[in-house]
Number of protein chains: 2
Amino acid sequence: MEQNKIPQATAKRLPLYYRFLNNLYQQGKKRVSSKELSEAVKVDSATIRRDFSYFGALGKKGYGYNVEYLLGFFRSTLDQHEITEVALIGVGNLGTAFLKYSFLKNNNIRITKAFDKDPNKVGTEVEGVPIYSIDEMDKHLGHIRVAILAIPASEADAVTDILVKHGIIGILNFTPARITVPKHVRVHHIDFAVELQALVYFLKHYPLEKDE
Amino acid sequence: MEQNKIPQATAKRLPLYYRFLNNLYQQGKKRVSSKELSEAVKVDSATIRRDFSYFGALGKKGYGYNVEYLLGFFRSTLDQHEITEVALIGVGNLGTAFLKYSFLKNNNIRITKAFDKDPNKVGTEVEGVPIYSIDEMDKHLGHIRVAILAIPASEADAVTDILVKHGIIGILNFTPARITVPKHVRVHHIDFAVELQALVYFLKHYPLEKDE
DNA sequence: CTTAAATTGTGAAAAATATCACGACTTTAT
DNA sequence: ATAAAGTCGTGATATTTTTCACAATTTAAG
């Protein structure tokens, strides 16, 4: 719970920077400019420099940023050294997609337990992650504080209550329901239908520039 | 391509309002206040009133909003009368989740065609949606202008080029790749790993209030 | 009919975010 | 050694978004 000085908009971009820096490092790149990074992550280069500047002077004028140094810096800033365990609630198609999604594996975040209602799934494993019954959350949730909610909307409220009761304080909610939680719990919503409708709306009402 | 006066932040919330208004209408509710709506969608009530006000005076002082009227208004604003067809690219777990996701069915947006590389999938149907080969996009894409990209990141750039070549102008990108497109194409990114890392970062660095 | 409670719509202010533009410094080329 | 090109960090500015707070109006209650 350190410094609360970084703008939220910046904080949301940090994981993105981290991933691309990792790519560059893997590719053996030694240095990178805000302009290059800008083209890769599609964020204005001035915004990138501003974002970085909240953490101090990380680059060198006329040179750019040292990839390895910057990566190390973000690694500790994003607490990549300590692993955060996450529970997956709902092992349907969407839930399974998470379990198979390798980007979550090269990362400080691990889905270590999954929960489902279906008795046929309970007791099995997917990608090495054991599936427990939602009704046995108290036995199996352990110290996990973050959950991905990938269940039908109709069950969202009831399951959320269970999660909160068992100590979850962060929920990534993929259901279309806007769940209600106590103030100490943070919820981020990812709402496919809204995103898709918004995209279509923008296409119709916000004309883009022509190509050059 | 009408009035471009609505703030983008507002535009993004419209589909959300629309969905909840629909819920209320289904429940037989005749009127609703910005305060009630605020509790349902978790958006500040002043923001809701401001959002609505861009479209004129839709409510009545001391009364609130007439659900049916407001719903009708949003229906036409969001072009719910005309159906937008969408192509799904990639019928893995994530793609299948979209096809089964019923929220996209009670809606002006329909996934009508799917594409995949896997020869075992090509020629079959999932939830009544036919699956074609990505290599036969020219034959089957037809007039579709919007695509959901749900394929491995490694293929994102190549497939995007194909999509753009065949007239796609809106892409909802679920891959972690930041794809490059001509200026006339709009891309919205939904990046699971980034969202999850950002949630964890916020939990650690932005303490929430205590419960009452 | 009168009064109290509820609620909108919005001007104004505040807060958050993004962008411009340039001095200072570094690197690269000649 | 010098000049040219590249690049950061950031003050200042612009833009966008949210929030406050209240007059105006409607509804509901007595």
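In the text below, chain A, chain B and the rest are named by the order of the sequence lines, each starting its count at 1.
Only B/R13, B/R31, B/D44, B/T47, listed by number, bring a heavy atom of residues 13-47 of chain B to less than 4.0 angstrom from any atom of DNA chain D. Residues of residues 58-66 of chain B that place a heavy atom closer than 4.0 Å to DNA chain C, in numerical order, are B/L58, B/G59, B/K60, B/K61, B/G62, B/Y63, B/G64, B/Y65.
Nearest heavy atom pair, residue A/Q80 against residue B/Q197, reads NE2-NE2, 2.7 Å. Nearest approach of A/G167 to A/R145, heavy atoms of both residues: O-NE, 3.0 Å. The minimum heavy-atom distance between A/L99 and A/E127, with the atom names listed, is O-CG, 3.6 Å.
Here CG of B/L141 is found 10.0 Å from CD of B/E85. Values are rounded to the nearest 0.5 Å. Note that CZ of A/F192 is 5.0 Å distant from CG of A/L94, once rounded to the nearest 0.5 Å. To the nearest 0.5 Å, the span separating NE2 on A/H143 from OG1 on A/T112 amounts to 6.5 Å. One finds the OH atom of B/Y25 at 7.0 Å from the NZ atom of B/K30 (value rounded to the nearest 0.5 Å).
Atom CD of B/Q8 has more than 12 neighbouring heavy atoms from other residues, nucleotides or ligands inside a 6.0 Å radius. For NZ of B/K35, the number of neighbouring non-hydrogen atoms (other residues, nucleotides, ligands) closer than 6.0 Å is 12 at most.
At least one donor-acceptor pair under 3.5 Å links the side chain of A/R19 to the backbone N or O of B/P176. At distances below 3.5 Å, not a single donor-acceptor pair connects side-chain atoms of B/E39 with backbone N or O atoms of B/E36. Not a single donor-acceptor pair under 3.5 Å links the side chain of A/R13 to the backbone N or O of A/T47.
Within the helix from C/dC1-D/dG30 to C/dT30-D/dA1, the inter-axis angle between the opening and closing five-pair segments is 20°, rounded to 10°.
Nearer the 5' end of DNA chain C, as judged by each residue's closest nucleotide, is the contact made by A/T10, out of A/R49 and A/T10.
Put simply, chain A comes within 4.0 Å of DNA chain C, heavy atom to any atom, from C/dT17 to C/dT28, going 5' to 3'. Once you apply a 4.0 Å limit to the heavy atoms of chain A, the touched nucleotides of DNA chain D run 5' to 3' over D/dG6 to D/dA12.
No side-chain heavy atom of A/I151 sits under 4.5 Å from any side-chain heavy atom of A/K117.
The ring of B/F174 has its center closer than 6.0 angstrom to the ring center of B/F98.
Applying the side chain to side chain donor-acceptor pair (under 3.5 Å) test to residues at least two apart or on different chains, the pairs with a partner in residues 154-174 of chain B are B/N173-B/T175, B/N173-B/H189.
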